[in-house]
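For the numbers below, each heavy atom of this structure counts, side chains included, while hydrogens, waters and symmetry mates do not. Proteins come first, then strands; the chains are lettered A, B, ... in the order of their sequence lines, and each starts at number 1.
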There are 2 protein chains.
Amino acid sequence: MAKVDPSLVAHLPLFAGFTNEELEEILREARSSRHPKNSAVFVQGEDAHSFFLLLHGHVRAAKTTPTGEQIVVRYVAPGETFGLAMAIGLTQYPATATAVDDSVVLAWPTGAWPRLVQKFPALATNTLQTVGTRLQESHTRMLEMSTQQVEQRVAHALLRLAKQSGKKLDHGIEIDFPISRQDIAQMTGTTLHTVSRILSGWESQGLVESGRQRIILREPHKIFVLAEQSADSGSAR
Amino acid sequence: MAKVDPSLVAHLPLFAGFTNEELEEILREARSSRHPKNSAVFVQGEDAHSFFLLLHGHVRAAKTTPTGEQIVVRYVAPGETFGLAMAIGLTQYPATATAVDDSVVLAWPTGAWPRLVQKFPALATNTLQTVGTRLQESHTRMLEMSTQQVEQRVAHALLRLAKQSGKKLDHGIEIDFPISRQDIAQMTGTTLHTVSRILSGWESQGLVESGRQRIILREPHKIFVLAEQSADSGSAR
DNA sequence: CCGGCAATTTGCGTTAGCGCAAAACTCGGC
DNA sequence: GCCGAGTTTTGCGCTAACGCAAATTGCCGG
């Protein structure tokens, strides 16, 4: 619940072009809270009482069908917003947000949004950009799911995670939060079994090193090549 | 190039809450143009010179991979905006827009957007809502592609098209623009062969009636049931 | 009215990846 | 240091859907 230093968030896309005074006014309306690993920040279907900015940790946004199948919509990294339901005209959260690591978030009550946007129109245009970017990413994932085989999709998913939340090592890049085979399966539209087989294969070729909820890309470039190469012996769909 | 009557567009979500005077000012900056069937309004990768509002006809937005595979991102119906690249921070179109019927569009030069938004902040919030809605739809499609079989996905796709652009008939609903098996395949992540087989099956059961680039849902309710039913004998992914 | 092209249909062999099952491993907690 | 739950690995059979090929149909333009 401590006050947040404006200088800590001034560089974020959401707040591009804001003065420190304006930021303070905006931040005054927010409450920060901690969420221990594996706890839900909000649940799909729940009333959208707040929208959020992730300060520390990592949050998984997942969508569930009535019959219980899930997909991981995205992983939220520090500095990113999530739970923007009301900004896009929803009254309930369309997905469940779960902290995959001990996390700290900043939460604004839904009711503050119209007021803030009215006073600071740049909030709307900035948010429009980030939502637009997410829409692009979503289309790209759809394209991959339609046209690529599982191995390529997994490669792309890992490269994206490495880019977003990779920790550089002496030799390789480590995904900087706990992620299971099941999670990757739900990001790529396959099963944990298939992901496990693929990673085992890569591991024996020295491309990755992995363990329980932990993945290190040892040969990012080779994985990149894998991701790009279309399944030979096939033609365009 | 004729002037557009504000009252014709006042009811659109994009212009919610605008007065006739404001609308006239906004419309003054736009040019209308005709696009014959099968001509491109803009091409993926091209410089985003304009953004658009569809007045008449239907436009298909499709994304292509470097290797030539395509997916249909969406069909644009009259009253909807498209080509919003710049609003979301892109300088080039991320997809190709093709008129599938003789179409009339309203086009604003990209440069007008910042000015319009600055003067009419509601444009940004309205656009944020529509982009947000599209993001939801995109996530829903991803969920379907991950968890459902082809037949269910095709059923969902047709129901969506019927809802958006369906013409009510005495007995059934007709998709009100030319659409091929190939198009449906590219909406659902499958092949035209599989779509053809599925539609043939449905036709022999009297669920649909279809021909060259033409589909009529004769039993929308039964198709709805088909769409919802999970492949039995299976379990959650 | 006819020719030709594009869309559609359908058959058939192939296979990537699923689904199920069981074993092995890891780690946190007691 | 041991126990137990959750995660990962791996084997095996199966099938939904693809990929290829060929025939058929419907439509537009001349």
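- For the pair A:Asp183 CG and D:dT7 P, the computed distance is 9 Å after rounding to whole Å.
- To the nearest angstrom, C1' of C:dT9 lies 14 Å from CD1 of B:Ile184.
- Nucleotide D:dG19 holds its C1' atom 14 Å from the CD atom of B:Gln182, rounded to whole Å.
- Whole-Å rounding puts the A:Gln148 CD to C:dA16 P distance at 16 Å.
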- Query: Taking protein heavy atoms under 4.0 Å as touching, what does nucleotides 22-30 of chain D look like 5' to 3' if B marks base contact, S marks sugar-phosphate-only contact and - marks none?
  - Reply: ----BS---
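- Using a 4.0 Å cut-off, some side-chain N or O of A:Thr191 falls inside it from OP1 or OP2 of C:dC18.
- At a threshold of 4.0 angstrom between heavy atoms, the contacts of B:Ser196 include nucleobase atoms, whether or not backbone atoms are also involved.
- Backbone-only contact: B:Ser200 has heavy atoms under 4.0 Å from sugar-phosphate atoms and none from a base.
- Rounding to the nearest 0.5 angstrom, the gap separating the CG atom in B:Leu14 from the OG1 atom in B:Thr81 is 6.0 Å.
- Distance CG (A:Leu192) to P (D:dG6): 15 Å, rounded to an integer number of Å.
- The side chain of A:Gln213 lies closest to D:dT7 when the candidates are D:dT7, C:dC18, D:dT9.
- Side chains of B:Gln70 and B:Thr64: a donor-acceptor N/O pair is present below 3.5 angstrom, by distance only.
- Counting only distance, with no hydrogens or angles, the side chain of A:Arg181 and the backbone of A:Arg197 share no donor-acceptor pair below 3.5 Å.
- Around atom NE2 of A:His221, no more than 12 heavy atoms belonging to other residues, nucleotides or ligands sit under 6.0 Å away.
- Nucleotide C:dA7 holds its P atom 11 Å from the CD atom of B:Gln186, rounded to whole Å.
- To the nearest angstrom, P of C:dG17 lies 8 Å from CD of A:Gln152.
- Nearest-nucleotide mapping onto DNA chain D: of A:Val195 and B:Thr194, the residue sitting toward the 5' end is A:Val195.
- Between the side chain of B:Gln164 and the main chain of B:Tyr75, a donor-acceptor pair closer than 3.5 Å is present.
- Looking at A:Arg197, its side chain comes within 3.5 Å of the base of C:dG19 through a donor and an acceptor atom.
- The interatomic distance linking B:Asn38 (CG) with C:dA7 (C1') rounds to 13 Å, in whole Å.
- At least one donor-acceptor pair under 3.5 Å links the side chain of B:Ser146 to the backbone N or O of B:Met142.
- Atoms CD and CZ, from B:Glu174 and B:Arg218 in turn, are 8.0 Å apart once rounded to the nearest 0.5 Å.
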